[in-house]
Amino acid sequence: MNTPSIYDSPVFKMACDQYDHIAEWLGIGQAERERTRLPKRALIVQIPVRMDDGTVQTFQGYRVQHHLTFGPTKGGIRYHPDVTLGEVAALAMWMSWKCALVGLPYGGAKGGVTCNPHKMSIGENERLTRRFTQELIPIIGPQVDIPAPDMGTNEQTMAWMMDTYSTHAGHAVPSIVTGKPVSIGGSLGRKEATGRGVAYLVNRAMDVLKIEAQGATVVIQGFGNVGFHAAFALSRHGTKIIAVGDHTGAVHDPAGLHLDQLAEHVALTKGVVGFSGAKNISNEELLELQCDVLIPAAVERQVTGKNVRQLKCRILAEAANGPTTVEADKVLRDSDIFVIPDVLCNSGGVIVSYFEWVQDLQNFFWTEAEVNDRLYRILEQTFSQVLQFSKREKLYHRDAALAIGVRKVAEAKKVRGLFP
Ligand code: NAD
């Protein structure tokens, strides 16, 4: 298959390998196959930023729009030192399958800046974001491409993006981004949505496996937006969060971590390591702990051919995008581990982002109970659909979820013609 080398990266290759496997199973013809797989367009921009010490640093930023067949594209903005064009393209591709799987009228997109937001001041983060948004203006818009937060970005980042875009338009345009503060048109329940969705699906998987939530043990890698809200939502059902990891390392307490205190410790020290009462462990040890549920909620490629045989969980809930490599999948598909694939597991975020966009376009806002109720209805329906399809076709859960999503995109492209 002809893949432009500009996207070359292990993560893009992984997304392509997953897609090719499904396209083969679906019998998508060669011509349809290639254009369904490759991103529609990509923009690379230079972002010069005046730093607090008076120097100017130039950062590299990207936005990739995978397809615009159903409507606008949708996807997060990532600030992380490892961001590359290939990674952003892979994440955009996964967004496409995810949106199609859960039935949203979006194609996938993703953006990113190669930087370390935690080592930059608020002022530097703001100047970077405003300049990046300015560069994106030609290709974003409420009917074209709607950004949202991802790793290293948050509600404040979205507020700066919305403000920069609105200044350009000459009037407030809340629907240009989702995941923004409620005070400027954000949706109630959006901040918590991805983690809440993860917790909902973990509970459904526990039902299927007949694991009692009360006392079930959970390990989480990543204590940012997704990991944090998933931990709190799960603990409300009586599960015990026995270990949590982040970019500083990991902490373990078999009796269960006190989440409020851990959150205070992280707010103070900027990392989980050194949390009193818990044992410091490495990220490698974290992933191999005995537990009922393992939730990678940080970066890609954490469950690999090297460590997959050491996993001791019964459920692998992929809150992060792309946490499992293709080599690891070969082992998992024949194992007893119940995998909730990323395109399903973390879809709560984009589902409530869609609700936010709809509310902004109508200027008609919903209660948090309405948001959650609609979110859980979509998750329930999609979870059942993936399980039934997987059972009927004897497919691994990831293959079933991807097949449903990819098929919808390929069919829409076919009936529209060559343009989209
Ligand atoms: P975040 O920036 O809020 O938190 C990221 C967490 O991961 C932090 O605790 C950070 O310390 C940790 N981390 C970073 N690098 C790490 C490493 N190398 N090893 C271990 N831990 C590391 O980001 P987030 O929004 O919570 O996103 C986490 C994952 O969930 C990403 O894969 C993202 O694409 C995915 N996701 C997020 C959303 C959303 O709504 N925010 C929606 C869908 C999917």
Side-chain angles (χ1 to χ4, degrees), residues 6 9 11 42-64 75-92 109-140 145-169 172-173 176-181 183-184 186 191 222-228 246-249 263 265-274 298-300 320-321:
I6 46 162
S9 81
V11 190
L43 181 70
I44 306 176
V45 297
Q46 232 194 65
I47 315 163
V49 177
R50 189 162 307 277
M51 308 303 279
D52 290 347
D53 64 5
T55 60
V56 172
Q57 259 187 50
T58 303
F59 298 89
Q60 199 80 239
Y62 311 97
R63 185 75 182 167
V64 176
I77 300 277
R78 177 174 290 196
Y79 290 175
H80 193 274
D82 298 337
V83 164
T84 62
L85 177 64
E87 180 192 52
V88 173
L91 289 163
K110 208 79 182 188
V113 178
T114 315
C115 66
N116 188 342
H118 304 295
K119 294 213 165 130
M120 294 166 66
S121 69
I122 293 206
E124 289 166 346
N125 262 296
E126 177 174 356
R127 292 193 288 280
L128 172 87
T129 302
R130 289 188 182 278
R131 181 60 189 258
F132 183 41
T133 309
Q134 186 73 42
E135 297 295 338
L136 294 183
I137 283 175
I139 64 158
I140 60 172
D145 182 12
I146 308 133
D150 190 73
M151 225 166 38
T153 59
N154 53 30
E155 288 192 337
Q156 179 59 72
T157 322
M158 293 305 112
W160 291 324
M161 290 193 85
M162 180 264 192
D163 184 63
T164 306
Y165 188 88
S166 299
T167 306
H168 173 82
V173 189
I176 180 60
V177 287
T178 59
K180 57 193 170 293
S183 58
I184 52 168
K191 191 171 55 187
F223 201 54
N225 176 284
V226 179
F228 175 91
D246 68 6
H247 66 287
T248 61
H265 172 81
V266 171
L268 217 64
T269 67
K270 307 284 171 237
V272 294
V273 162
V299 284
E300 299 93 33
N321 285 304

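Hydrogens, waters and symmetry mates are skipped; everything else that's a heavy atom, side chains included, is used. Numbering of residues begins at 1 and proceeds along the displayed sequence.
Under 3.5 Å, the side chains of Asn154 and Thr157 contain a donor-acceptor pair of N or O atoms.
For the side-chain contact (heavy atoms from CB on, under 4.5 Å) with Pro147, the lone residue among Thr178, Thr153, Thr133, Ile77 that qualifies is Ile77.
Between Phe59 and Val49 the shortest side-chain heavy-atom distance falls below 4.5 Å. Under the 4.5 Å side-chain criterion, counting only non-hydrogen atoms from C-beta, Ile122 is not in contact with Gln156. At least one side-chain heavy atom of Asp52 sits less than 4.5 Å from a side-chain heavy atom of Arg127. Proximity of Glu124 to Gln57: side-chain heavy atoms (C-beta onward) are nowhere separated by under 4.5 Å. Here the side chains of Glu300 and Leu91 are in contact, with some heavy-atom distance below 4.5 Å. A heavy-atom distance below 4.5 Å is found between the side chains of Ile44 and Leu85.
Atoms CE and CG, from Met151 and Asn321 in turn, are 9.5 Å apart once rounded to the nearest 0.5 Å. For the atom pair Thr84 OG1 and Ile6 CD1, the distance stands at 11.5 Å (nearest 0.5 Å). With rounding to the nearest 0.5 Å, the separation of CG in Leu136 from CE in Met161 is 5.5 Å. Considering CD of Gln46 and CD of Glu135, their distance stands at 8.5 Å, rounded to 0.5 Å.
No donor-acceptor distance shorter than 3.5 angstrom exists from the side chain of Thr55 to the backbone of Met51, with no hydrogens or angles considered. Formation of a donor-acceptor pair under 3.5 Å by the Asn225 side chain with backbone atoms of Lys191 is found in this model. Judged purely by atom type and a 3.5 angstrom limit, Arg78 has no side-chain atom pairing as donor or acceptor with the backbone of Val88. Judged purely by atom type and a 3.5 angstrom limit, Thr58 has no side-chain atom pairing as donor or acceptor with the backbone of Pro48. Side chain of Asp246 to main chain of Val272: a donor-acceptor pair is present (N/O by atom type, distance under 3.5 Å, no hydrogens or angles).
Contact detail for Glu87 and Val11: the closest heavy-atom pair is CA-CB, 4.4 Å. Nearest heavy atom pair, residue Thr269 against residue Gly271, reads OG1-O, 2.9 Å. Ala109 and Arg63 make their closest contact through CB-NH2, 3.4 Å (heavy atoms, listed as atom of the first residue, atom of the second, distance). What you find for Pro181 and Ala159 is that their closest heavy atoms are CD-CB, 3.9 Å. Minimum heavy-atom separation, Ile176 to Asp145: CD1-O, 4.2 Å. Across all their heavy atoms, Tyr79 and Cys115 have their closest contact at CB-SG, 3.7 Å.
Scanning for ring pair (Phe, Tyr, Trp, His ring centres under 6.0 Å) contacts around His118 gives His247, with sequence neighbours left out. In this structure Thr164 satisfies the side-chain hydrogen bond (donor to acceptor under 3.5 Å, both in side chains) test together with Arg130, sequence neighbours excluded.
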